[in-house]
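Read the structure below first, then the notes.
Naming convention: chains lettered A, B, ... in sequence-line order (proteins, then strands); numbering from 1 in each chain. Quick caveat: nothing in here was measured; it's all calculated off a predicted structure.
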Protein chains: 2
Amino acid sequence: MTPRPAVPERQRDADRTRAEILEVAQREFARRGYAGARVDEIAESMRTTKRMIYYYFGSKEQLYIAVLEKAYAEVREAERLVDVEHLAPVEAIRTLAELTFDHHDAHREFITLVAIENIHRAEHIRKSEVLANLGTPVLDLIGRILAAGQARGDFVTEADAIDVHMMISAFCVFRVSNQHTFAALFDRDMTAPEHRSRLRRMVGEMTVAYLRGASTPS
Amino acid sequence: MTPRPAVPERQRDADRTRAEILEVAQREFARRGYAGARVDEIAESMRTTKRMIYYYFGSKEQLYIAVLEKAYAEVREAERLVDVEHLAPVEAIRTLAELTFDHHDAHREFITLVAIENIHRAEHIRKSEVLANLGTPVLDLIGRILAAGQARGDFVTEADAIDVHMMISAFCVFRVSNQHTFAALFDRDMTAPEHRSRLRRMVGEMTVAYLRGASTPS
DNA sequence: CGAGTAATTAACTATCTAGTTCGTAACAAC
DNA sequence: GTTGTTACGAACTAGATAGTTAATTACTCG
């Protein structure tokens, strides 16, 4: 039935075990928060023992930091692939906003990890050398789009790249990170399929409208 | 030196003790998260014992729910005082956005509590009857502003009140709730005084610009 | 094939933590 | 004062939890 592969499945496989721990740990941390996550629980949700977690990561905290590092690395990789340089400024910034929306929509667990990290005042991120130097290239991109748009006269509002990034992120992150309390208070699940495309268009419109400016009356 | 007051300070004062527990608990929960907060720690940070926490609140979870209820009640009270009805639609919505900004700026601990509650998928809010029926009147207000603005032709974009509220909240909440990771990545503290007034103007501009619309090119 | 190393397991421990027990002291009503 | 009730405190407990110890098994390489 199951033919033995040429290279037999190894019974002991450091890489695989390490990767599996990270995967399960990410889910557990995102589900319960840092303090709420249980090392025993992580171990039981897979085919290894708690000892392995300490063997590979040393402590609960170091495991958590490793989870953060991996999650941020994936996001960074996705950001690297964004290409809107060939578009006109208005469409470039709109597309960037919509791609950010898609990206956050597809990585909800990551958003939760970030929220957890904020509750702990980013103390773990600060402990990680990998993450501390994560100067995101998205700022350069936005900076170039803004400069081009202002040069062409498409953008009237004088905006700062970090501010614009914040505006877009706020919308996309909030929709995911605050979905539960928002639903409890307003009876609307912002992450439900029926709201998705409308909100996606909205973040693009919002950004473009803000940059076009001309919203200030005499 | 210290004259005895006509009504002497009571050595035992249920209301005062209860209130103090709630106060200290809010700080502790906001600081460490639900699971991270320690009942012993809460007790030690004040002039009463752990026994009283269980005497008045029954369990850690019920204490946490009571903290949430009090925090939401305060916010609701503040919202009740907002009066922008006498303003023209454009200025009304701008002012509402800026007041929301001020409000979130002044209640950062509340924002953290909401973030914590979202990590736990709002399970505690759902357990509270007080909070479940917190249909916020802010939606009515926004609805009236939008209708008036559209009737006068000031607002071109056809927007939904919940969506607009979400847009404003996203900006104001994100600035506070994600301040630490944002600062770690972009080296900018969004909550620092030097960014405050600029961002405050920004949320107003953004909202007005979006509603004015006319941002879609031919 | 034999020795050394990397990966893995099961059982253990010290500590921490939510929740309790039981007794007592202040207050109010009469 | 006496009595009943509300508010309070110190010490305790049962279970959970991060982290360890030490033995064992698979794999590698000469």
Checking all strands, does B:Ala37 fall into the base, sugar-phosphate, or nothing category for heavy-atom contacts under 4.0 angstrom?
sugar-phosphate

Given D:dA10, is OP1 or OP2 found less than 4.0 Å from the side-chain N or O atoms of B:Thr49?
no

With respect to the side chain of B:Asp40, which nucleotide from D:dA7, C:dA18, C:dT9 is positioned closest?
C:dA18

Can you find an N or O donor on one side and an acceptor on the other, under 3.5 Å apart, linking the side chain of B:Lys50 with the base of D:dG9?
no

So does B:Leu99 get a backbone contact from the side chain of B:His103, meaning a donor-acceptor N/O pair under 3.5 Å?
no

Looking just at side-chain N and O atoms, do A:Thr181 and B:Glu117 make a donor-acceptor pair shorter than 3.5 Å?
no

Residues 165-175 of chain A, side-chain donor-acceptor partners within the protein, below 3.5 Å, at least two apart:
| unit_1 | atom_1 | unit_2 | atom_2 | d |
| --- | --- | --- | --- | --- |
| A:His165 | NE2 | A:Ser169 | OG | 3.4 |
| A:Ser169 | OG | A:His165 | O | 3.0 |
| A:Arg175 | NE | A:Met190 | O | 3.1 |
| A:Arg175 | NH1 | A:Asp105 | OD1 | 3.3 |
| A:Arg175 | NH2 | A:Asp105 | OD1 | 2.8 |

Distances for protein N or O near nucleotides 3-5 of chain C N or O, under 3.5 Å:
none

How close do B:Ile65 and B:Ser128 get, counting heavy atoms only, and between which atoms?
CG2-CB, 3.8 Å

Closest listed nucleotide, where the reference is the side chain of B:Thr17 and the choices are D:dA18, D:dC8, C:dA18
D:dC8

More than 12 foreign heavy atoms under 6.0 Å from CD of A:Glu158: is that the case here?
no

Five pairs per end, C1' atoms only: what is the angle between the end axes of the helix from C:dC1-D:dG30 to C:dC30-D:dG1, to 10 degrees?
20°

Taking the six-membered ring of A:Tyr34 (Phe, Tyr or Trp), confirm whether the NZ or CZ of A:Lys60 is under 6.0 Å from its centre and within 45° of its axis.
yes

Check ion pair B:Lys50-B:Glu44 (N to O, under 4.0 angstrom)
no

Step through it carefully: locate the ring centre of A:Tyr72, locate the ring centre of A:Phe110, and say whether they are under 6.0 Å apart.
yes

Can you measure A:Ile42 atom CD1 to D:dG19 atom C1' for me and round it to whole angstrom units?
14 Å

Within residues 19-33 of chain B, the residues having a heavy atom closer than 4.0 Å to DNA chain D are none

Using whole Å, what does the distance between atom C1' of nucleotide C:dA18 and atom CZ of B:Arg38 come to?
10 Å

Salt-bridge test for A:Arg76 and A:Glu79: reply yes if a basic N is under 4.0 Å from a carboxylate O, no otherwise.
no

Could you tell me the separation between the CG atom of B:Asp15 and the P atom of D:dT6, rounded to a whole number of Å?
14 Å

Between A:Asn118 and B:Ser177, do the side chains contain a donor N or O and an acceptor N or O under 3.5 Å apart?
no

Could you tell me whether B:Ala43 contacts a base, only the sugar-phosphate backbone, or nothing, with contacts defined as non-hydrogen atoms closer than 4.0 Å?
nothing

Members of residues 51-63 of chain A that approach DNA chain D, where some heavy atom sits under 4.0 Å away
A:Arg51, A:Tyr54, A:Ser59, A:Lys60

Classify the ring geometry between B:Phe186 and B:Phe182 as parallel (under 30°), tilted (30 to 60°) or perpendicular (over 60°).
tilted

Listed pairs under 3.5 Å, donor-acceptor, residues 21-31 of chain A side chains, sequence neighbours left out:
| unit_1 | atom_1 | unit_2 | atom_2 | d |
| --- | --- | --- | --- | --- |
| A:Gln26 | NE2 | A:Glu109 | OE1 | 3.3 |
| A:Glu28 | OE2 | A:Arg32 | NE | 3.3 |

What closest approach, in Å, do A:Leu146 and A:Asp160 show between heavy atoms, and which atom pair accounts for it?
CD1-C, 4.0 Å

For a quick test of reading the model, state the closest non-hydrogen atom pair linking B:Met52 to B:Thr48 and the distance between them.
CG-OG1, 2.9 Å

